[in-house]
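So that the names make sense, note that chain A is the first sequence line, chain B the second, and so on, each numbered from 1. Just so it is clear, the model here is predicted, and its values are computed rather than measured.
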Amino acid sequence: MPSKSVGAEYIKGLWEENPVFRQLLGMCPILAVTNAVINGIAMGLATYFVLILSSVVVSSIKKLIPSQVRIASYIVIIATFVTIADRFMAAFFPPISKSLGPYIPLIVVNCIILGRQEAFSSKNSVGRSLVDALGMSTGFILALLVLSSIREILGMGTFLGHQVMGAWFKPWIIMILPAGAFITLGILLAVALVIESETKKRKN
Amino acid sequence: MDVLIPILTMGALGLIFSVGLAIAYQKLKVEEDPKVAIISEALPQANCGACGYSGCRAFAEAVIKGEAETNGCPVGGEETIIKIAEIMGVKAGEVVKKIARILCHGDTEAAKDRGIYLGITTCYAANLTGGNKLCPYGCLGFGDCVLACPFDAIHMGGDGLPVVDGKKCTACGKCVEACPRNIIELVPLAQNMLVFCRNLDKGIAPKKACKNACIGCGICARACPEAIIMENNLAIIKDYKKIDPEKIPAIEKCPTNAIGRLFKEDEG
Amino acid sequence: MELLTLFIAAILVNNFVLYYFLGICPFLGVSKKIDSAFSMGLAVTFVMTITAVVSWMINHWILIPYNLDYLQIVSFILVIAALVQLVEMFIRKISPPLYQALGIYLPLITTNCAIMGLALLAALKDYGFAKTVVFGVGSGLGFTLAIVLMAGIREQLDLADVPEPLKGAGIALIIAGIIALAFTGFSGMIN
Amino acid sequence: MNLSARMIVVLTAVGLISGSLMAVVGMLTKDRIALNRQQEIEAAILEVVPGTDTSEELFTEKNFTIYGGKNRDGNLIGYAVYTSGTGFQDIISLMFGTDPNITKINALSILEQKETPGLGAKITDKELFLRFWDNKNAGSALSLRKPAVRSQDELAANEVNTITGATISSDKVLSIVNQSLEKLKQIKQAGKLISEDNDAE
Amino acid sequence: MTNNRFILKSSPHFKGKDSVPKIMYAVIISLIPAIAASFYFFRIRALLIYLLSVSACLITEAVFLKARKKPMHSLWDGSAIITGLLLAMTLPPSLSLEIVVIGAVVSITLGKHVFGGLGDNIFNPALVGRAFLQVAFPVAMTTWIPPVTNQINTATYATPLGNLKFQAAAAQGALTPLKDLFWGNIGGCLGETSAVALLLGAAFLLYKRAIDWRIPVGIISILTVFTGIFWLTGPDKYASPAFHFLAGGLIIGAFFMATDMVTSPISPLGAWIYALGIGLLIGIIRLFGGFPEGVMFSILLMNTFVPLINRYTRPRILGERSTH
Amino acid sequence: MKTKTFPHGIHPQELKEATSHTSLQPLPAPEKVIIPLHQHFGSPAEPLVKKGDEVFMGQKIGESKSFFSACVHSSVSGKVMKVENYNHPLGNPVPAVTISNDGDDRVFPEIKKHKNPLSLNPEKIRHIVKDAGIVGLGGAAFPTAVKLSPPKDKPIDTIIINGCECEPLLTADHRLMLEYPDEIIQGAELVRIATGAEKIILGIENNKQDVYKLLQKKNYTFPLEISLLKTKYPQGAEKNLISALLKRVVPRGGLPFDVGVVVQNVGTVKAIWDAVNTGKPLYERALTVSGAGITSPKNLIVRIGSLFQNAIDYCGGLQDSANILVMGGPMMGLAQGTPDVPVIKGTSGILAWAEPEQITEHNCISCRRCVTHCPMGLVPTQLMKYSKLDYLSEAESRGIMDCVECGSCQYSCPAGIPLVHWLRVGKNKITDLKRKKSA
């Protein structure tokens with residue numbers, strides 16, 4: 001196993017292996033909950049919580065689980081943490097919980113989480129898994145933040161609910177609708193690829 | 001009591017699920033290539049479809065069949081790629097390192113045009129209409145090989161001839177296949193002496209077509225008969241290892257420079 | 001009549017992919033060829049129908065009576081996963097051709113958020129049994145429609161000079177956006 | 001231990017542990033979530049039946065609940081009807097309040113909607129939409145004023161305003177209210193409202 | 001005689017006189033009557049919107065051609081101008097000008113260049129721009145002013161179809177008279193109002209064979225049948241087929257937008273399927289949908305079906321045995 | 001008059017007036033002829049002579065053992081100067097026999113006349129045709145002996161004589177029909193006898209009314225039907241001609257044999273008659289030298305192996321503006337880089353004119369003109385894209401191999417896309433791949 005420094009393990013999740021822009025994972029929540037920055041942040045934090053805890057748990061009990069039932073076990077573990085996050089939100093942040101609807105429970109089928117368990121946590125030490133999970137979820141939050149900022153600013157003229165665009169600005173309602181989400185993410189993916197190839201060129 | 005219900009429910013679910021799985025594994029086992037299972041194991045099992053296949057197992061099958069690239073799983077990252085490559089990889093024995101060489105020196109200055117070519121600007125298409133160059137054997141200069149190279153190891157030089165980057169070339173042979181005139185050849189990296197022409201005509205015709213064409217005069221073959229022979233009006237290096245360094249000056253007396261060394265500074 | 005409107009709405013108006021953003025991963029991943037997209041769509045429809053039935057039973061026979069709504073997530077996903085896996089193994093054993101056409105898509109579906117989303121949405125909207133099933137079938141067909149349309153367009157775009165950075169997921173998302181735009185024409189049609 | 005046994009044991013154990021964990025969380029959050037829900041309803045009732053001190057459920061069926069609002073003295077001061085119906089995109093849940101005789105509508109409050117943001121979603125806008133619902137004559141079915149007008153004064157007693165560009169959403173809200181109003185009257189007539197304080201009439 | 005005097009290329013060496021710019025400019029010419037009509041009805045505003053829309057389209061096109069290192073002659077092949085004109089023609093005359101520019105930029109960018117430019121686009125670029133605006137600025141896009149020749153003092157003026165949908169005009173007998181619809185003395189999008197001007201241009205296109213006659217014929221006939229059935233069952237609730245033919249964007253859509261060669265099917269059978277789909281969807285949306293007008297959505301929707309239609313209606317190769 | 005035709009196709013400018021009224025005249029044999037050994041479809045011929053050999057006119061100088069091949073004969077009498085690669089109008093140089101002409105035109109003594117040609121048996125006719133090196137003179141140069149030997153299980157009932165000459169500019173076949181009608185019809189009868197068919201149909205485009213009238217007047221006793229066809233390109237393409245005349249459809253990948261038909265060009269049947277009647281092998285042919293770039297366009301009878309330059313010089317040379325030189329018709333002909341190439345059996349015309357040096361290519365706008373005009377029912381624009389992107393299996397499954405390269409698509413393409421060239425690329429790549437696989 002190629003060993004990376006702890007820093008590199010963390011950093012790779014931000015860009016190199018960014019789950020959204022580079023690996024195209026977790027597309028459903030990325031599209032569904034980014035109509036406002038606050039929703040994006042809430043989603044990101046929930047994912048953060050679930051990913052880190054399940055990574056720690058999976059990596060610490062990896063030896064006990066026979067491979068035939070590992071997926072099932074991971075799902076149960078992840079689902080447990082998702083339930084916790086979901087209940088917690090419903091109890092203490094009811095408006096956000098309402099606007100996120102079924103998408104918090106759907107974290108359980110987010111490829112990022114199950115994928116990291118299989119690809120990383122089940123094979124690495126607790127420490128490394130933790131760092132990896134931190135990096136990945138930060139990358140995910142980053143992506144959520146970028147997309148939701150663009151959508152909220154253009155779609156409502158606000159950022160986190162505060163008016164940021166002048167009165168002259170007519171909000172582009174399409175941005176908070178599905179069509180806008182798809183188009184914006186499509187363009188962002190292209191931008192990410194352009195940045196990637198530019199940096200590669202510069203390196204050479 | 002309230003606390004017990006969820007615990008029991010979950011326990012029961014786990015129990016039913018695992019029993020079901022255990023039975024299923026034993027009763028419904030299907031024989032398959034053991035490699036599929038091994039590669040499947042190495043994959044993230046996210047079954048996310050990011051690879052374009054319907055799941056990790058399907059992707060593994062595709063890898064075995066050679067339909068998918070070993071680095072086709074974007075989720076697993078580097079480790080997975082290395083693992084799959086290890087599983088699939090055939091340990092390469094010690095072979096002579098080869099490199100693709102362009103066997104034509106018909107650059108824009110040396111080789112004359114056959115006319116004003118207005119067709120599709122690929123070598124393959126040009127070749128179908130008889131080519132844009134007067135020489136029917138030489139490089140057409142549209143760079144089909146450049147496009148074919150998966151390693152970005154060939155680019156067009158300023159003189160209208162492709163240039164191979166020795167560092168990047170892996171001798172995969174894609175350019176050899178792509179060249180409609182068969183002037184690219186995989187040659188041992190160590191071979192320094194080459195015939196840079198494929199013209200099978202004799203005398204005036206090749207000379208008219210290209211300054212650097214082999215006119216089949218045979219000077220080189222006479223200078224070093226043990227390594228070089230003439231075949232179909234073309235000098236051919238049969239065995240470069242047999243070229244006597246002392247005879248190189250005589251060989252290089254070629255009137256059209258169709259035969260010569262790649263790097264003169266390397267040798268005496 | 002109510003069931004019919006629900007059915008049409010699930011296909012056209014509140015399309016799973018284009019309105020709820022569910023099942024995006026396979027929607028992007030398996031929409032390169034029409035044939036595989038169609039098989040995928042059928043497999044999803046099949047699993048969605050089963051899921052609709054099973055999740056309704058779990059919800060109404062176990063979770064609600066015992067006040068265990070917080071076990072929804074884990075029980076739905078476990079049962080779906082187990083069921084899909086069993087169906088897959090079963091098909092594989094008894095009918096290899098069917099497995100080739102449908103079964104190979106099944107593992108991919110387990111973690112497809114469309115399935116889980118269906119179970120959760122049906123529970124959230126508090127649909128009765130018949131409605132849940134109709135919702136499941138309709139949503140599956142809606143997914144099929146979206147993915148086949150997408151595959152048709154992507155097959156054609158294979159021949160187009162799409163800018164390099166947009167190739168693949170980028171252009172697929174933009175197309176999805178425009179299809180979603182076109183589908184807004186159906187909004188307001190449910191009464 | 002053979003493989004099958006180990007599979008069963010491990011998965012069962014994982015299930016048990018996670019079950020207990022979730023049970024704990026479930027217990028901890030259950031009350032809070034119920035409370036949230038109740039607070040939301042109470043706030044809405046207060047909004048549509050101003051002056052409510054306590055409220056009680058008088059009638060309930062799927063997606064339709066009648067609350068009775070009582071003032072500090074315990075007198076019934078109005079009904080708050082929680083109801084829902086299909087909007088332009090998805091379900092709209094709303095609450096409106098009437099006086100005890102159902103002669104006028106006090107106010108309207110939208111609880112849940114997924115209408116087009118910036119357009120149909122303006123049904124939650126006080127300035128543009130909701131204020132035109134205050135104190136409407138509930139004697140007959142309400143109607144919608146099209147095209148929209150600017151001030152309350154231009155509307156008849158049983159007319160409510162449209163949102164420019166979102167005629168359909170306005171229409172949908174109107175029909176939900178009209179239907180529920182009719183239902184409320186029927187239920188009251190049939191005497192199905194439980195624990196109704198007859199003195200209030 | 002020098003060796004390289006002669007041109008080398010593959011056969012055929014003769015070529016017909018048709019060219020892409022010729023086809024495109026024929027379409028532009030055919031739009032002139034409708035554009036002139038909009039100048040007459042909406043005066044300087046019309047001019048401003050046309051100018052802005054076309055120039056924004058051209059500039060965006062130029063930027064993309066430059067950035068993607070494509071031949072610049074494509075800028076003047078007329079396609080960007082058509083997109084600009086068609087977009088402008090489907091905008092409300094009162095629309096603020098920056099929205100016009102946004103629409104034009106979106107048309108060329110999302111409607112055309114993300115797919116690879118002219119010929120590769122799946123959707124009609126002008127309609128993508130128009131749909132984008134419709135969803136992005138729904139209020140601005142549904143605010144109408146009456147033509148200067150028909151000054152009625154209403155702050156909120158509605159289109160004939162809007163009247164039909166939201167004011168139950170059919171029931172009140174308040175349907176816009178067909179005569180006004182025909183001449184265009186009504187509110188509506190810039191270039192959609194005058195049926196007669198559009199039909200004039202359409203006749204020119206049909207005469208020039210620049211469009212496939214099957215598409216408008218298919219759309220109009222199925223819509224006539226569809227709306228006719230409802231009209232016969234309830235003339236007080238539904239408008240007549242003639243009204244549906246003349247009102248809204250049907251004529252411009254059927255003759256100028258659905259017929260866009262790039263985004264319509266290749267085979268004649270495919271063209272029929274496509275046209276019937278559009279006509280039916282227009283009918284459904286106009287009669288039962290949330291929007292008063294469905295032409296734009298219907299064409300976009302059927303655009304998405306075109307690859308599938310093409311795949312299943314491929315012409316029979318000579319000597320091919322039918323597989324059925 | 002009612003004319004028959006096929007669906008689709010185009011109608012380009014005909015430009016035939018320049019030569020349609022000038023009678024065929026022999027091109028004086030040049031001082032030396034260069035006769036390529038590969039002028040036909042099939043395997044190349046092996047040389048039978050070597051440097052220094054003395055040869056007669058009509059003497060066989062090349063032959064192949066393969067069935068799919070044709071012999072090559074000397075077109076002059078004289079001395080073999082060399083047997084070496086030489087420029088070839090079809091592209092790459094091929095081995096060619098250069099003969100210096102002694103000007104005597106001494107006929108090969110072994111050449112035999114046949115007294116009663118129409119009473120010969122099929123076997124004999126085939127043998128004579130094979131020995132005379134006759135190939136299809138329409139342009140494809142398919143060995144005629146092969147065409148006269150249909151498989152046993154595919155009985156032939158109809159012989160179609162192709163007198164369409166649908167390519168613009170070319171009029172050599174037109175002149176042949178006017179000047180040698182008896183030879184042509186008798187040649188057709190020989191083909192009918194050789195294949196055992198029941199009737200002969202001569203198809204002529206209705207821009208050759210004079211031929212039609214002449215032949216009507218002749219009242220031949222053979223089972224002959226003369227049919228007028230609409231002037232439309234590619235009326236002369238085998239499969240389309242069969243569909244126009246007989247309403248029979250040759251299955252995909254099949255040959256006219258499959259529907260009981262053999263199609264022969266008028267020039268070919270004349271050559272057959274000459275070979276059987278006088279014993280003269282195929283060493284000269286009629287061709288048109290025309291186009292705006294030729295000073296005085298003519299119809300010539302040219303010895304095989306004469307250079308294009310000889311023919312052009314005889315017609316007054318090239319105009320200064322002429323910048324394209326084409327062998328064959330403008331629709332399917334091959335652009336030449338030099339007039340220093342020999343006339344071969346498949347040379348139906350030598351054309352030159354001024355062509356713009358810039359081609360403006362636009363994007364395909366799916367105008368479907370190519371689909372409307374493709375006589376084979378293909379979707380050329382799609383095939384072009386498949387070929388461009390190397391999607392060969394898709395291209396094949398959508399019928400790229402059915403393309404006859406008639407050029408109708410490209411002629412009608414408003415975007416100026418080199419469709420035919422792309423389709424040729426695709427077809428060739430597929431063939432290459434198949435060859436590689438079978439190897």
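The line from CD1 of A/Ile84 to OH of C/Tyr70 is 12.0 Å long, rounded to the nearest 0.5 Å. One distance of note links CZ of A/Phe81 with CD1 of C/Ile73; it measures 13.0 Å at 0.5 Å rounding. The CE atom of C/Met116 sits 12.5 Å away from atom CG of A/Asn110, with the distance rounded to the nearest 0.5 Å. Between atom CG of residue A/Leu193 and atom CD of residue C/Glu164 there is a gap of 8.5 Å, rounded to the nearest 0.5 Å.
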Under the side chain to side chain contact (heavy atoms under 4.5 Å, CB included) criterion, do A/Phe182 and C/Ile24 qualify, and how do the steps go? CA-CA 10 Å; A/Phe182 282 119; C/Ile24 301 291; 3.8 Å; yes

Side chain to side chain contact (heavy atoms under 4.5 Å, CB included), that's the test. Do C/Ile115 and A/Val109 meet it? Break it down for me. CA-CA 9 Å; C/Ile115 308 296; A/Val109 282; over 6 Å; no

Could you please spell out the steps behind the side chain to side chain contact (heavy atoms under 4.5 Å, CB included) verdict for C/Leu22 and A/Tyr103? CA-CA 9 Å; C/Leu22 294 171; A/Tyr103 293 100; 3.9 Å; yes

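You'll find the side chain of C/Leu181 reaches within 4.5 Å of the side chain of A/Ile174, heavy atoms only.
Counting non-hydrogen atoms of other residues, nucleotides and ligands closer than 6.0 Å to CD of C/Glu2 gives a total of 12 or fewer.
Only the side chain of A/Val108 comes within less than 4.5 Å of a heavy atom of chain C; its backbone N, CA, C and O stay farther away. Neither the backbone nor the side chain of A/Ala192 comes within contact range of chain C; no heavy atom of the residue lies under 4.5 Å from a heavy atom of that chain. Neither the backbone nor the side chain of C/Phe76 comes within less than 4.5 Å of any heavy atom in chain A.
For the options A/Gly26, A/Pro178, A/Ala79, heavy-atom pairs under 4.5 Å to chain C are most numerous at A/Pro178. Ranked by heavy-atom pairs under 4.5 Å with chain A, the list C/Leu18, C/Leu124, C/Leu121 is led by C/Leu18.
When each of C/Ile171, C/Ile174, C/Leu173 is tested with A/Leu189 by the rule side chain to side chain contact (heavy atoms under 4.5 Å, CB included), just one qualifies, namely C/Leu173.
Identified by a heavy-atom distance below 4.5 Å to chain C, the contributing residues of residues 28-58 of chain A are A/Cys28, A/Leu31, A/Ala32, in residue-number order.
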